[in-house]
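Data first, discussion second: the structure below is written as structure tokens.
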Amino acid sequence: IVLAHDQEDSHPYWYARVIGIFHANIRYTRQGQRPTIKCVDFLWVRWFARHITAPTGWAAKRLPRVGFYDGNDESAFGFLDPDLVVRGVQLIPAFRHLCTTALLGPSIARQAADNDKDWDWYCVNMFIDRDMFMRFRGGAVGHKST
């Protein structure tokens, strides 16, 4: 999860699946100075979209639900600075909604065990441990309130 930067949505996090972890040696050039080589780390991710019409949260007594963007959507994939990652999160497949092949054709963006299928929806397990619980509950030192 990463902190959301969307002011219109009250949900505090964005979710992504890490496809690859990379680093590259970049030649950094400033005008009037000698070029320097800098190592840049980055993640290749497949973004999840929140199911905004499904009632979730404490009042609804439902876990937040996320699903992958359509593979043709420009928001489906991206690169991310590893320093922006807050922590990993457990996603539970929403078994009732079954799997689909409609979101993305055969791709290296999936693990081989996925058989080129995606679950339609996943539930974000906000009860996996105390840290995650307090991130969603709010009120703990150092955690953004939700």
Side-chain angles (χ1 to χ4, degrees), residues 1-28 30 36-146:
I1 61 176
V2 296
L3 290 176
H5 300 288
D6 187 0
Q7 299 300 324
E8 297 173 11
D9 189 358
S10 62
H11 194 74
Y13 304 112
W14 290 341
Y15 303 89
R17 173 178 284 171
V18 175
I19 300 169
I21 303 170
F22 302 97
H23 72 271
N25 291 324
I26 306 296
R27 175 177 275 177
Y28 184 67
R30 290 185 186 166
T36 59
I37 303 295
K38 183 177 179 182
C39 184
V40 176
D41 298 321
F42 57 96
L43 306 173
W44 179 28
V45 297
R46 185 175 178 199
W47 289 103
F48 287 98
R50 275 194 336 104
H51 191 310
I52 56 174
T53 58
T56 62
W58 300 107
K61 299 180 181 155
R62 299 271 188 252
L63 295 174
R65 196 181 308 163
V66 296
F68 287 116
Y69 281 96
D70 184 287
N72 296 321
D73 191 310
E74 65 182 31
S75 301
F77 297 94
F79 295 99
L80 184 63
D81 181 350
D83 291 337
L84 297 177
V85 175
V86 175
R87 66 163 289 164
V89 65
Q90 181 189 28
L91 297 178
I92 305 166
F95 297 106
R96 182 174 73 121
H97 296 284
L98 303 176
C99 290
T100 183
T101 57
L103 296 175
L104 184 67
S107 173
I108 63 170
R110 288 196 195 91
Q111 298 174 358
D114 291 342
N115 295 321
D116 291 323
K117 295 180 183 178
D118 297 309
W119 289 98
D120 272 336
W121 298 105
Y122 296 85
C123 296
V124 178
N125 188 357
M126 58 186 177
F127 300 106
I128 190 69
D129 60 22
R130 291 176 295 191
D131 179 61
M132 184 61 81
F133 174 78
M134 291 309 290
R135 286 185 188 283
F136 281 89
R137 165 77 172 68
V141 174
H143 292 162
K144 181 178 178 178
S145 295
T146 58

Intermediate values then yes/no, side-chain contact (heavy atoms from CB on, under 4.5 Å), Val66 and Leu91: CA-CA 9 Å; Val66 296; Leu91 297 178; 4.1 Å; yes
Are Ile108 and Trp44 close enough, and set up right, to give a side-chain contact (heavy atoms from CB on, under 4.5 Å), and what steps lead you there? CA-CA 12 Å; Ile108 63 170; Trp44 179 28; 3.8 Å; yes
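Taking the six-membered ring for Trp and thresholds of 30 and 60 degrees, Phe79 and Phe42 have ring planes more than 60 degrees apart, a perpendicular arrangement.
Ring-centre distance between Tyr69 and Phe48: not below the 6.0 Å cut-off.
We find that Asp120 and Arg96 are not joined by a salt bridge, their nearest charged nitrogen and carboxylate oxygen being 4.0 Å or further apart. Remark: Arg17 does not engage Asp118 in a salt bridge, criterion side-chain N to carboxylate O under 4.0 Å.
The shortest non-hydrogen separation linking Trp47 to Ala16 is CE3-CB, 3.5 Å. The nearest pair of heavy atoms linking Leu3 to Trp14 is O-CE3, 4.3 Å.
More than 12 heavy atoms of other shown residues, nucleotides or ligands fall within 6.0 angstrom of atom CD1 in Ile37.
The backbone N or O of Asp131 sits nowhere less than 3.5 Å from a side-chain atom of Arg87 that would complete a donor-acceptor pair. No donor-acceptor distance shorter than 3.5 angstrom exists from the side chain of Asp114 to the backbone of Lys117, with no hydrogens or angles considered. A donor-acceptor contact shorter than 3.5 Å links the side chain of Arg110 to the backbone of Leu104.
Phe68 carries Arg46 over the face of its six-membered ring, with the cationic atom under 6.0 Å from the centre and within 45° of the normal.
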